[in-house]
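Keep in mind the model is a prediction, meaning the values are calculated, not measured. Note that these values count all heavy atoms, side chains included, but never hydrogens, waters or copies made by symmetry.
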Amino acid sequence: MQIIVVKDQQAGGKAALKVFAAAKARGVKVFGLATGGTPETTYAELVASDLDFTDSISINLDEYVGLAADHPQSYAYYMHHHLFFAKPFAASYLPNGLATDPAAECARYDQVLADHHVGLQLLGIGRNGHIGFNEPGSPFDGTTHEVALTPSTIAANARFFARPADVPKRALSMGIGAIMQADQILLEAYGSDKAAAIQAMIEGPVTTAVPASVLQQHPNVIVILDQAAAAKLSAAVPASALGESDFNFGTKRGKIRL
């Protein structure tokens, strides 16, 4: 697991761009994408870059149950607003939050994942350690499923809605088993409210109580953190002003500073 500690979220977006560029350079054609506040600077950097995704496929982690794709708080709308408007893909897949048969929709999405092997999967992490909407207790071999969101996740997402009561209580989410099939995983986390989850993910036991801890068992994970998110790590590396030439993804384990 490579851990990159950066000055702030803006620097994290620049670091993430390098990961995407390296993936494109080695021929990755399928990108797993995430939503929320965490990847916004990453998407801004991708939009400003010269990377071309018209030969690529995107597969998103999740979608709220009950929101149409054109709802301003749906993840389909988010992706168009932050990325697809400027960087279209050959095909982009998201779960259908209005599916009348959630079980059939989950099976459809599992087939999408079977047909398109993810080369690079982008993740955030919840305060309770969730990845995607795989809440604590989710099985490590799980497939796409409908999930009841925990109170902490609902509270964290309330800032995106006019009223707390408007926050959806359920979602469709890619399972941890599918996430772990990706060739490479990039997880970003910023802010002190993510520090405990990051410590548990990296230094704690592998347990379904902290879904992200399973990433310890993946062979190719890059974690980008700001200083606040890295603060509880036992050997946190302070951010520094290293130049572009010092940014190196060759290290297999340990921490890299930017």
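Phe160 is linked by a ring-ring contact (aromatic ring centres under 6.0 Å, His included) to nothing, counting only residues two or more places apart in sequence or in another chain. Applying the side chain to side chain donor-acceptor pair (under 3.5 Å) test to Asp52 and every residue at least two apart in sequence or in another chain returns Thr54. Partners of His80 under the side chain to side chain donor-acceptor pair (under 3.5 Å) rule, at least two apart in sequence or in another chain, do not exist in this structure. Residues satisfying the ring-ring contact (aromatic ring centres under 6.0 Å, His included) criterion with Phe84, sequence neighbours excluded, are Phe89. In this structure, the ring-ring contact (aromatic ring centres under 6.0 Å, His included) partners of Tyr64, at least two apart in sequence or on a different chain, are Tyr75, Phe133, Phe161. Taking His82 as the reference, Tyr78 meet the ring-ring contact (aromatic ring centres under 6.0 Å, His included) condition, with sequence neighbours excluded.
Gln216 places a side-chain N or O within 3.5 Å of a backbone atom of Met201 that can act as its donor or acceptor partner. Of the possible donor and acceptor atoms, one in the side chain of Glu203 sits under 3.5 Å from a partner among the backbone N and O of Ser234. Glu63 places no side-chain N or O within donor-acceptor distance of the main-chain N or O of Gly97, the cut-off being under 3.5 Å. The closest donor-acceptor contact from the side chain of Tyr109 to the backbone of Ala104 lies at 3.5 Å or more, if one exists at all. For Ser49 (side chain) and Leu51 (main-chain N/O), a donor-acceptor pair under 3.5 Å exists by modelled atom type. Under a 3.5 Å cut-off, the side chain of Asp226 and the backbone N or O of Gly191 do form a donor-acceptor pair. Side-chain atoms of His218 come within 3.5 Å of backbone N or O of Ala182 as a donor-acceptor pair. When atom types are taken as modelled, the side chain of His71 and the backbone of Ala69 share no donor-acceptor pair closer than 3.5 angstrom. The backbone N or O of Thr38 lies less than 3.5 Å from a partner atom in the side chain of Gln9, making a donor-acceptor pair. The main-chain N or O of Met174 is never found under 3.5 Å from a side-chain atom of Asp62 such that the two would form a donor-acceptor pair.
Side-chain contact between Leu172 and Cys106: present, with at least one pair of heavy atoms (C-beta onward) separated by less than 4.5 Å. Using a 4.5 Å heavy-atom cutoff, the side chains of Asn220 and Asp183 are not in contact. Counting heavy atoms from C-beta outward, Lys29 and Ile57 have side chains that stay 4.5 Å or more apart. Side chains of Pro211 and Ile176 form a contact here, defined as non-hydrogen atoms less than 4.5 Å apart. The side-chain heavy atoms of Ser56 and Phe31, taken from C-beta on, include a pair separated by under 4.5 Å. Taking the side chain as every heavy atom from C-beta outward, Gln181 and Val118 never approach each other to under 4.5 Å. Side-chain contact between Lys169 and Ile154: present, with at least one pair of heavy atoms (C-beta onward) separated by less than 4.5 Å.
If you check the side chains of Thr207 and Ser213, you find no donor sitting under 3.5 Å from an acceptor. Judged by distance alone, the side chains of His130 and Thr153 do bring a donor and an acceptor atom under 3.5 Å apart. For Thr35 and Asn60, the side-chain atoms include no donor-acceptor pair closer than 3.5 Å. A donor-acceptor contact closer than 3.5 angstrom links the side chains of Tyr190 and Glu188.
Both Leu120 and Leu17 are members of a single hydrophobic cluster when ILVMFWY side chains are connected at heavy-atom separations under 4.5 Å. Residues Val28 and Leu83 are members of one and the same hydrophobic cluster, defined by side-chain heavy-atom contacts under 4.5 angstrom among Ile, Leu, Val, Met, Phe, Trp and Tyr. Tracing side-chain contacts under 4.5 Å through hydrophobic residues (I, L, V, M, F, W, Y), one reaches Val19 starting from Val6; they form part of the same cluster. Transitive grouping of hydrophobic side chains (ILVMFWY, heavy atoms separated by less than 4.5 Å) keeps Tyr77 and Leu94 in distinct clusters. A single hydrophobic cluster is seen to contain both Val223 and Leu215, as judged by linkage of ILVMFWY side chains at heavy-atom distances under 4.5 Å, directly or through other members.
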Trace of the side-chain contact (heavy atoms from CB on, under 4.5 Å) decision for Thr143 with Leu113: CA-CA 10 Å; Thr143 57; Leu113 290 162; over 6 Å; no
Residues Leu149, Arg170; criterion side-chain contact (heavy atoms from CB on, under 4.5 Å); working and verdict: CA-CA 5 Å; Leu149 304 181; Arg170 305 186 70 82; 5.7 Å; no
Verdict with reasoning, Asn134 to Val147, per side-chain contact (heavy atoms from CB on, under 4.5 Å): CA-CA 8 Å; Asn134 294 285; Val147 58; over 6 Å; no
Leu61 and Leu33: CA distance, side-chain angles, deciding distance, side-chain contact (heavy atoms from CB on, under 4.5 Å) verdict: CA-CA 6 Å; Leu61 284 167; Leu33 300 180; over 6 Å; no
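Distance check: Lys194 NZ to Gln199 CD gives 15.5 Å after rounding to the nearest 0.5 Å. Annotation: the span from Thr208 atom OG1 to Phe140 atom CZ amounts to 5.5 Å, rounded to 0.5 Å. Atom OG in Ser192 sits 9.0 Å away from atom NZ in Lys232 (nearest 0.5 Å). Here the CG atom belonging to Asn96 is positioned 11.0 Å from the CG atom belonging to Asp101, to the nearest 0.5 angstrom.
A salt bridge links Lys24 and Asp55; the closest N-O separation between the charged side-chain nitrogens and carboxylate oxygens is under 4.0 Å.
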